[in-house]
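Inspection log for the structure reproduced underneath, given as structure tokens.
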Protein chains: 2
Amino acid sequence: MESPVGSKRVTLAQVAELAGVSVMTASYTYNQPSRVSERSRSKVLAAAAQLGYAGPDPSARSLRRGSTRTLGVVMGEHLSYAFEDPEAVSFLAGIAGVCADRGYGMTILPITGAADDVLRVTGAAVDGFIVWTTSDDDPVLAAVRATKRPAVVHGGPAVPGLGLVSIDNRAAACAVGAVAFAGATRPAVLSFPLSRERISTITRGSGIADVLFPVTRERLEGYRQAAEEAGIAWRDVVVAVCSRNDAADAERTAATLLASAEPPDAIVAMSDQQAAGVLRAARAAGRAVPHEVAVTGWDDSALAAQLGLTTVAQSLREQGAACAQAALGGRTPVSRTAPWSVVRRGSTRP
Amino acid sequence: MESPVGSKRVTLAQVAELAGVSVMTASYTYNQPSRVSERSRSKVLAAAAQLGYAGPDPSARSLRRGSTRTLGVVMGEHLSYAFEDPEAVSFLAGIAGVCADRGYGMTILPITGAADDVLRVTGAAVDGFIVWTTSDDDPVLAAVRATKRPAVVHGGPAVPGLGLVSIDNRAAACAVGAVAFAGATRPAVLSFPLSRERISTITRGSGIADVLFPVTRERLEGYRQAAEEAGIAWRDVVVAVCSRNDAADAERTAATLLASAEPPDAIVAMSDQQAAGVLRAARAAGRAVPHEVAVTGWDDSALAAQLGLTTVAQSLREQGAACAQAALGGRTPVSRTAPWSVVRRGSTRP
DNA sequence: CTGTTAGCGCCTTCAG
DNA sequence: CTGAAGGCGCTAACAG
């Protein structure tokens, strides 16, 4: 017997009535079967099958229990971009693994950049949040805090009361910058956006303190330090800001840089995707890598190995898992600094 | 004033009391602000701020309204694999776009292959489901049906009462097979698993009717038809089953095939990932593509363009969006056949 | 514009 | 092992 799709919702009470037991016995049948006699249990299950009852209503259960067994993940401005960025995808896979282990669902929260993002976050039926790298002024952070549920930010910013999982971006940038800038005299940085408006610019010695994305800010600080330690003043370093983390955008920007009167002889990027675009631009411009222009990426993705890119290795997957553990684990917000290393390959001078 | 993290939950009733209004006025303040006077509204919001009230409780609201504003996505056996498969990721991106537009969240349901998958599906607080390509005997399908909520299956199987979004895999396989098998005498098929056990095998003229994954079954049927139309009996066609959709696995399997006494002179794969592995194996074995061995992929991913692969183009992204629209749209289950085309490149004989 | 009533479906508590 | 009461937090429906 199949009830039609539009049929009225079946409740536990109806099942109990048909089975000839109390509602509680029916409830126990689903939640603590061992406390119900074999006979009652089978009567309940038979009644449920007959009525097409698919189990306790999740919303009612969540309300009663005070927990949803679901973890919320806030993925930044355009949700669909999240899935286009392979590193973000690794991060999600790490979260997914932990959720699967603990029987949790994982709700991806669509952030559009509009004002109603906040409503969607506060309105999400989740027990905790993970927030993917965002800006200091992102209103979603305040919304997450306001829910008082456990939350962990990945990358940054650090927010009082929320956990933080990140690498030391400044140190990593400094280390990879040192490799890239060795022997260079005209270094350039290919940067992620500096503000939520995602404006593309090309400047020299870009202001750093007012950059609102902490991950980007820290990397710029690291590159600055690397430049200065290589004897190059920050004001002489070209900073080209790409509006998206994307090979095509990086390729266009790098082409512009390479065609200028004083073309860079070292370009440090903030992702392997960007660096791949830079390599293409260099090839198109007829510049030898690494001798005429050194290039570095970030993340040590499969692409980096394939292209022989010097890059910063980190495991976004493990960081995702760490975020999930922290968010689901306990009440105490955990901060964790993740490991990283520089992987030297042929795109930088030996 | 900041309430401590562990503090008791604040309710709308408390906010209303502090504001000196009825609970309904407080509720309207959040749900239909226009029906509340300016004065009441600001009193309520002030009280909420003072108490640290972050808005109506999502579970309670869902229970009351009978809708969660969340769409569930069942992604197949190992959740983390879902994020490793770039085509699955495109599909998710398509869903995500629609969810974002309509203010819906998107809950990814962790399927582990264990018995408790069913509980997780029936226990998910979602208004509808999308099920990524699975097998005829997947118990999750029955669980989804049992919830009586709108659901759409991508790829297959077709289930009475559920929607279906798919391309005509059989026709597409036949079309791309015709290109691959032209001029070939010893064709081979690199297949996805034939059953949920994911066993690797190499046979000739594999049985097709008992393959439990409908997408795989239909593609095999199409390849069979293409072979027969090229004058080759199916019993002479080698079918190599890979346990995972993965370049490395495909490379190993293809290497085995190419090293055999009667090496194939055409290999049709079920994904571009697999086909990329085949190309590597061919190069390692010193076989010229396409003259000594023709190769085709599936999906027309970026990889296919890069490697010059003949392949089947389809938009998983659009199909994801179509699934989401159908699942959120109305009560009626929609079936939709999506477009595809064969893209000819250098990996097949002209 | 505001308030009252009456549950949504379930499960914790406490008695049998 | 089973059951009766009560309420989780909220909002439709209907008065005023």
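Chain naming here is simple, since letters A, B, ... match the order of the sequence lines and numbering starts at 1 in each. Any value given below was found using the heavy atoms of this structure, including those in side chains, with hydrogens, waters and symmetry copies removed.
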Is there a side-chain contact between A/Tyr104 and A/Val98, using heavy atoms and a 4.5 Å cut-off? no
Heavy atoms within less than 4.0 Å of DNA chain D: which residues of residues 26-45 of chain B have one? Give them sorted by number. B/Ser27, B/Tyr28, B/Asn31
Nucleotide N/O to protein N/O under 3.5 Å, stretch nucleotides 5-9 of chain C:
residue	atom	partner	partner atom	Å
C/dG7	N2	B/Arg64	NH1	3.1

For side-chain contact (heavy atoms from CB on, under 4.5 Å), just list the numbers for B/Arg149 and B/Phe129, CA-CA rounded to whole Å, side-chain angles, deciding distance to a tenth of an Å, and then say yes or no. CA-CA 7 Å; B/Arg149 285 171 259 178; B/Phe129 294 94; 4.2 Å; yes
Validation row: A/Thr337, A/Ile167 side chains within 4.5 angstrom (heavy atoms): no
Heavy-atom side-chain contact between B/Ile95 and B/Ile130 under 4.5 Å: yes
Heavy atoms only, 4.0 Å cut-off, all strands: where does A/Val23 land among base, sugar-phosphate and nothing? nothing
Under a 3.5 Å threshold, yes or no: a donor from one side chain and an acceptor from the other, between A/Ser37 and A/Ser40? yes
Could you verify whether a donor N or O on one side chain and an acceptor N or O on the other, from A/Thr107 and A/Thr70, lie under 3.5 Å apart? no
Five-pair end axes of the helix from C/dC1-D/dG16 to C/dG16-D/dC1, angle between them (10°): 30°
Respond yes when some side-chain nitrogen or oxygen of A/Thr25 is under 4.0 Å from OP1 or OP2 of D/dG3, and no when none is. yes
Measure the shortest side-chain to side-chain distance between B/Arg145 and B/Val159 over non-hydrogen atoms and say whether it is less than 4.5 angstrom. yes
Check whether any side-chain heavy atom of B/Ile108 lies under 4.5 Å from a side-chain heavy atom of A/Ile108, and answer yes or no. yes
So do the side chains of B/Leu63 and A/Asp57 get within less than 4.5 Å of each other, counting heavy atoms only? yes
Please determine if B/Asp137 and B/Arg196 form a salt bridge, counting it only when a charged side-chain N lies under 4.0 Å from a carboxylate O. yes
